[in-house]
Number of protein chains: 2
Amino acid sequence: MLSKASKYAITAVLYLTNSSNKQHKLGSKQIAKALDIPAPFLAKTLQELTKKKIISSVKGPNGGFYLSKENENNTLFDIIACIDDVEKFNDCYLGQFECNEDKPCVVHHLYFPFKNELINKLKTKTILEMSNEYAHNNNLTQILK
Amino acid sequence: MLSKASKYAITAVLYLTNSSNKQHKLGSKQIAKALDIPAPFLAKTLQELTKKKIISSVKGPNGGFYLSKENENNTLFDIIACIDDVEKFNDCYLGQFECNEDKPCVVHHLYFPFKNELINKLKTKTILEMSNEYAHNNNLTQILK
DNA sequence: AAATAAAAGGACAAAAATATCTTTTTTTAT
DNA sequence: ATAAAAAAAGATATTTTTGTCCTTTTATTT
């Protein structure tokens, strides 16, 4: 499972995709308030993302966080790997010391393919793609109303 | 993800299936040593399992933990639910507030079916079944040697 | 009946994750 | 230049999880 920090990070980045741009940046407090996330904790998380160039920031008046074109090529996996120890994906779901194709745990044959598909999805889904999907989704919603 | 306590519990119960019976009980320390699990922590966990009748125990000399016939009808899910808050299975994998068929997160269509299959497996797999599979597995290993 | 061995129970400690607060630095706008 | 606004950095606090220790209870064996 992802840590809260990781989930906050994903949620915040998703929020940035459609509420910010280089001209209109968002402060960590604004984001935290909009998403109901503990503000100082999110600030820390956003700092880490910035340090690893997953997102961008500018200090000072009218500063804040936003996504550059380069940032948008980052994937969901990049966000997660920035915050969590991704090695945990390799652990046996039931915590069995020995768990592999030869000696699989009870859910290995269920978990292993899922995990691989999941990681593949996380590694190929870019922020840009998610942004587009979100926009599309919202248009649909508008139309349906 | 399951907590360590849950994983320890599963590992210990699995160990009990093939190393103990009503005649030959196992102490929490023995189990902890054999499985390389922090002994007092495991003791606590085994107590909870006992309290909810997932496993059995007898105090005093030659006492210890074992599995009764009734215990063996318990499922993996019962073990997990005894230790962890199972509600977490319902949370969105990416921590999105709104995540359902109508407004799915990026991995919802991957995670949702997996989760359902997983829970189904955990709810139907009894301790007895696992015990049998383990025995079978070990016979095979013996034969192959 | 007494001694003993083991679980049960409770209090405590350490570590990790989450959350908060304060100070410093940097950038922008005035 | 100065002030202000915001990120960055660092220190601290809280909560949860994990891990340890000590005492009490209970069953078994002698």
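Reminder, nothing fancy here: chain letters follow the sequence lines and each chain counts from 1. Remember, predicted model here, so these are calculated numbers, not experimental data.
At a threshold of 4.0 angstrom between heavy atoms, the contacts of Gly60(B) include nucleobase atoms, whether or not backbone atoms are also involved. In this structure, Pro38(B) reaches the sugar-phosphate backbone alone: every heavy-atom distance under 4.0 Å involves primed, P, OP1 or OP2 atoms, never a base. Within the nucleic acid shown, Leu26(B) comes within 4.0 Å of sugar-phosphate atoms alone, with no base atom in reach, counting heavy atoms only.
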* To do: Determine, stepwise, if the pair Glu101(B) / His108(B) fulfils side-chain hydrogen bond (donor to acceptor under 3.5 Å, both in side chains).
  => CA-CA 8 Å; Glu101(B) 286 301 309; His108(B) 180 81; 3.1 Å; yes
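Nucleotide dT26(C) holds its C1' atom 16 Å from the NZ atom of Lys51(A), rounded to whole Å. Between Gln47(B) atom CD and dA11(C) atom C1' the separation is 14 Å, expressed in whole Å. Atom pair Ile31(B):CD1 and dA6(C):C1' shows a separation of 12 Å (rounding to whole Å applied). Between the CD atom of Gln30(B) and the P atom of dA7(C) there is a distance of 8 Å, given to the nearest Å. The separation between Phe41(B) atom CZ and dA14(C) atom C1' is 13 Å, rounded to whole Å. We find that CG of Leu42(B) is positioned 14 Å from C1' of dA6(C), with the value rounded to whole Å. Straight-line distance from the CG atom of Leu49(B) to the P atom of dA8(C): 10 Å, rounded to whole Å. To the nearest angstrom, P of dT27(C) lies 12 Å from NZ of Lys25(A).
One side chain, Ser6(A) or Asp84(A), offers a donor N or O that lies under 3.5 Å from an acceptor on the other.
Listed pair Ser28(B) / dA7(C) meets the phosphate criterion, a side-chain N or O lying under 4.0 Å from OP1 or OP2. The side chain of Ser57(B) contributes no N or O atom lying less than 4.0 Å from OP1 or OP2 of dA6(C).
In summary, contact between chain B and DNA chain D, defined as any nucleotide atom under 4.0 Å from a heavy atom of the protein, begins and ends at dT18(D) to dT29(D) in the 5' to 3' direction.
Mapping Ala43(A) and Asp84(B) onto DNA chain D by nearest heavy atom places Ala43(A) closer to the 5' end of the strand. Mapping Lys29(B) and Lys44(B) onto DNA chain C by nearest heavy atom places Lys29(B) at the nucleotide closer to the 5' end.
Side-chain contact between Phe77(B) and Phe89(B): present, with at least one pair of heavy atoms (C-beta onward) separated by less than 4.5 Å.
Listed nucleotides: dT27(C), dT18(C), dC21(C). Nearest to the side chain of Pro40(A): dC21(C).
The distance from the CG atom of Leu2(A) to the CG atom of Leu122(A) is 7.5 Å, given to the nearest 0.5 Å.
With respect to Lys69(B) and Glu72(B), a salt bridge is recorded, a charged nitrogen being found less than 4.0 Å from a carboxylate O.
The minimum heavy-atom distance linking Ile54(B) with Leu67(B) is given by the pair O-CD2, 4.1 Å.
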